[in-house]
Amino acid sequence: MLEVITQRLSEKNARLVAVSKTHPPERIMPLYLKGQRIFGENRVQELQQKYEVLPKDIEWHLIGHLQTNKVKFIAPYISLVHSVDSLDLLKEINKQALKNNRVIDCLLQFHIATEETKFGLSEQEASDILHNPAFSEMKNIRVCGVMGMATFTDDQSLIRSEFRHLKSIFDSLKNGFFENSPWFREVSMGMSGDWEIALEEGSTLVRIGSLLFGHRN
Ligand SMILES: *Cc1c(COP(=O)(O)O)cnc(C)c1O
């Protein structure tokens with residue numbers, strides 16, 4: 001499965017985040033040995049445990065909701081935080097990145113689904129963050145794009161329209177705020193059930209768990 005997915009992604013210049021949440025290090029190593037380097041986790045404590053025992057050239061992505069008081073634990077090594085949904089969180093990531101003498105890449109998470117429960121910003125909230133004077137003062141974070149989750153549904157056309165919406169948000173932020181920022185280029189969308197639609201709609205990072213690792217308990 002890994003080979004099939006990575007082949008399809010490379011044709012579109014997209015990358016795979018192998019979502020290893022709930023699976024132990026010994027399930028991660030076979031994918032690592034096949035060349036996979038980007039792994040995604042949604043809980044800080046679980047990520048910490050895996051970071052400590054697994055090879056240090058893994059690029060760890062945090063894909064789940066991040067509480068400000070947990071940023072300090074992952075700041076030394078995290079490659080990309082997909083789930084930034086407030087200015088306060090960005091400030092804390094900036095502060096901890098500075099302490100670690102590094103720049104941390106982040107994505108703004110948008111609420112694109114019809115479900116109430118999913119985290120994420122509205123376009124207005126994102127615009128407020130990016131216009132805030134505090135944003136331009138943060139030198140230790142880099143906003144590299146957007147992330148979103150489609151509604152959990154069989155309705156392919158709904159999923160497609162939500163992904164299209166996220167891509168349009170990306171395009172308008174690129175034009176409005178990041179025209180001269182080559183690093184602003186990521187659209188994180190697509191999971192096991194909808195990654196092919198996401199790819200057609202312009203995804204650059206797909207986050208796939210169960211298709212690679214089997215079902216989670
Ligand atoms: C768990 C998770 C995924 C992967 O889901 P699968 O359906 O197993 O591929 C992707 N993105 C986020 C934010 C997740 O929490």
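Note that the structure is predicted; figures quoted are calculated from it, not measured. Whatever order the structure lists them in is the order used to number ligands and atoms, beginning at 1.
- Shown here are the side-chain contact (heavy atoms from CB on, under 4.5 Å) partners of Gln67, two or more places apart in sequence or in another chain: Asn69, Lys70.
- A donor-acceptor pair shorter than 3.5 Å cannot be found between the side chains of Asn100 and Gln96.
- A donor-acceptor pair shorter than 3.5 Å cannot be found between the side chains of Glu3 and Gln7.
- Defined by atom type and a distance below 3.5 Å, a donor-acceptor pair is missing between the side-chain atoms of Thr204 and Arg185.
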Mind listing the N or O contacts between ligand 1 and protein, cut-off under 3.5 Å?
| residue | atom | partner | partner atom | Å |
| --- | --- | --- | --- | --- |
| ligand 1 | 8 (O) | Ser210 | N | 2.8 |
| ligand 1 | 8 (O) | Ser210 | OG | 2.9 |
| ligand 1 | 8 (O) | Arg216 | NH1 | 2.7 |
| ligand 1 | 8 (O) | Arg216 | NH2 | 3.2 |
| ligand 1 | 9 (O) | Ser192 | N | 3.0 |
| ligand 1 | 9 (O) | Ser192 | OG | 2.5 |
| ligand 1 | 9 (O) | Gly209 | N | 2.8 |
| ligand 1 | 11 (N) | Arg207 | NE | 2.9 |
| ligand 1 | 15 (O) | Lys21 | NZ | 2.7 |

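- Under 3.5 Å, the side chains of Ser157 and Asp155 contain a donor-acceptor pair of N or O atoms.
- Using a 4.0 Å cut-off between charged nitrogen and carboxylate oxygen, Glu201 and Arg164 count as a salt-bridge pair.
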